[in-house]
Number of protein chains: 2
Amino acid sequence: MATTTAAQKRAATKAVYDAFLAGCPSRKLLDRISDKWVALVLAALGSGPDCAGEPRAMRYSELARLLAGVSQKMLTQTLRALERDGLITRTATPTVPVTVTYELTGLGLSLHEMMRGLKTWAQANMDEVLTNRSAYDSRSR
Amino acid sequence: MATTTAAQKRAATKAVYDAFLAGCPSRKLLDRISDKWVALVLAALGSGPDCAGEPRAMRYSELARLLAGVSQKMLTQTLRALERDGLITRTATPTVPVTVTYELTGLGLSLHEMMRGLKTWAQANMDEVLTNRSAYDSRSR
DNA sequence: CAGTATCCAGCTAGATACTG
DNA sequence: CAGTATCTAGCTGGATACTG
């Protein structure tokens with residue numbers, strides 16, 4: 001039926017695109033790293049407090065103190081998610097009271113490196129974006 | 001007063017960290033690109049429908065058709081945000097009815113290149129993440 | 001110390017309807 | 001064709017309180 005061809009084409013396109021989205025590794029990656037606290041935990045474990053040091057293990061309370069403003073709920077949730085993905089390891093030492101440390105895995109370290117590339121782009125270009133933004137705003141107002 | 005020193009220290013740390021967060025270019029970049037439709041529009045304008053072609057201008061309706069599932073509201077909102085940031089240009093041709101095309105700027109193209117690096121990491125490593133994820137789930141259940 | 005459990009306010013995405 | 005306007009349901013994140 002020639003009259004349904006166009007509609008069929010569009011449906012096919014949508015199906016392909018939906019599948020692309022659902023399976024897209026980039027989308028999954030973005031979903032993970034775009035989380036505010038994920039990025040910060042990664043930065044903390046990967047580069048220390050000032051984002052300029054060495055990767056090192058940190059305790060739960062140390063992270064909580066460093067990421068000022070994070071709620072316990074979000075910190076725990078974030079750490080669990082990263083552990084689940086194999087990006088960090090959780091180590092509990094049965095002292096009294098218990099001591100728990102978190103550390104980047106090789107995979108987590110690799111992700112951290114990738115995010116430094118992102119950081120480089122941001123430092124090089126976000127000023128221009130911000131300039132464009134305020135120029136646009138003053139024009140339309 | 002020596003008794004307030006610890007509290008003062010923590011308050012100072014928090015203040016520094018809050019300032020770091022507010023001004024951090026990386027944070028602003030993440031806020032922009034983590035948006036689902038931003039990433040998709042960038043990919044569409046930068047690499048064509050199949051993410052493998054050349055950067056080219058596209059019409060509003062063409063984008064709407066390609067990004068199957070996007071609402072008019074979100075598409076318009078996304079395009080406005082990208083235009084505001086100087087990442088794409090909007091060109092309206094006064095035909096009847098009006099024709100509007102969107103195209104990446106140099107800055108937008110540069111961002112698109114950066115995101116291809118992210119895509120590379122995702123394609124190389126997300127499989128491992130997904131494996132870890134299901135292993136973790138089957139362990140704890 | 002290192003969490004877990006619960007509740008709720010705020011924002012946002014999407015559906016829907018309308019227009020120059 | 002390319003939008004704008006409005007409404008609302010659902011999710012997310014934070015505050016709070018409790019615990020092995």
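A note on names: the letters A, B, ... follow the listed sequences, proteins ahead of strands, and every chain is numbered from 1. Just so you know, these numbers use all the heavy atoms, side chains as well, and skip hydrogens, waters and symmetry mates. All figures in this text were calculated on a predicted structure; none of them were measured in a lab.
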Chemist: Tell me which of A:Q72 and A:D35 sits closer to the 5' end of DNA chain D, going by the nucleotide each one is nearest to.
Modeler: A:D35
Chemist: Is the shortest distance from a Lys or Arg side-chain nitrogen in B:R133 or A:E83 to a carboxylate oxygen in the other one below 4.0 Å?
Modeler: no
Chemist: If the test is side-chain hydrogen bond (donor to acceptor under 3.5 Å, both in side chains), which one of A:R116, A:E54, A:R56, A:H112 qualifies with A:S47?
Modeler: A:H112
Chemist: Specify the closest pair of heavy atoms between A:M58 and A:L63, including all atoms of both residues, with the distance to one decimal.
Modeler: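 Heavy-atom minimum between the residues: SD-CD2, 3.9 Å.
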Chemist: Using atom NZ of B:K36 as one end and atom P of D:dT12 as the other, report the distance to the nearest whole Å.
Modeler: 13 Å
Chemist: Given B:Y60, which of B:T101, B:T76, B:T99 fulfils the side-chain hydrogen bond (donor to acceptor under 3.5 Å, both in side chains) condition?
Modeler: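 In the set B:T101, B:T76, B:T99, the residue that makes a side-chain hydrogen bond (donor to acceptor under 3.5 Å, both in side chains) with B:Y60 is B:T76.
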Chemist: Working to the nearest 0.5 angstrom, can you tell me the gap between B:L104 CG and B:L111 CG?
Modeler: 8.5 Å
Chemist: Please figure out whether A:V98 or B:L79 has its closest DNA chain D nucleotide nearer the 5' end.
Modeler: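 Looking at the nearest nucleotide for each, B:L79 comes out on the 5' side.
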Chemist: Send over the distance from A:L40 CG to D:dG13 P, rounded to a whole Å.
Modeler: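 After rounding, the gap between these two atoms is 13 Å.
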Chemist: Dot-bracket, DNA chain C: Watson-Crick or G-U, under 3.5 angstrom, [ ] crossing, | other strand?
Modeler: ||||||||||||||||||||
Chemist: Taking any atom closer than 4.0 angstrom to a non-hydrogen atom of chain B, what span of DNA chain C does the protein reach, first nucleotide to last?
Modeler: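 On DNA chain C, the outermost contacted nucleotides are C:dA13 to C:dA17.
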Chemist: Evaluate the side chain to side chain contact (heavy atoms under 4.5 Å, CB included) criterion for residues A:N132 and B:T105: first the C-alpha distance (whole Å), next the side-chain angles of each, then the deciding distance (0.1 Å), finally the verdict.
Modeler: CA-CA 12 Å; A:N132 291 332; B:T105 62; over 6 Å; no
Chemist: Once you round it to whole Å, what is the distance between C1' of D:dT8 and NZ of B:K73?
Modeler: 10 Å
Chemist: Taking only Lys NZ, Arg NE, NH1 and NH2, and the carboxylate oxygens of Asp or Glu, determine whether A:D31 and A:R27 approach each other closer than 4.0 Å.
Modeler: yes
Chemist: Assuming nearest nucleotide by heavy-atom distance, tell me which of B:P97 and B:V70 is located more 5' along DNA chain C.
Modeler: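 Upstream on the strand: B:V70.
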Chemist: Determine the minimum heavy-atom distance between B:L130 and A:K28, stating which atoms define it.
Modeler: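 It is CD2-NZ, 3.8 Å.
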Chemist: Please check the phosphate of D:dG14 (OP1 and OP2 only) for any side-chain N or O of A:W37 closer than 4.0 Å.
Modeler: yes
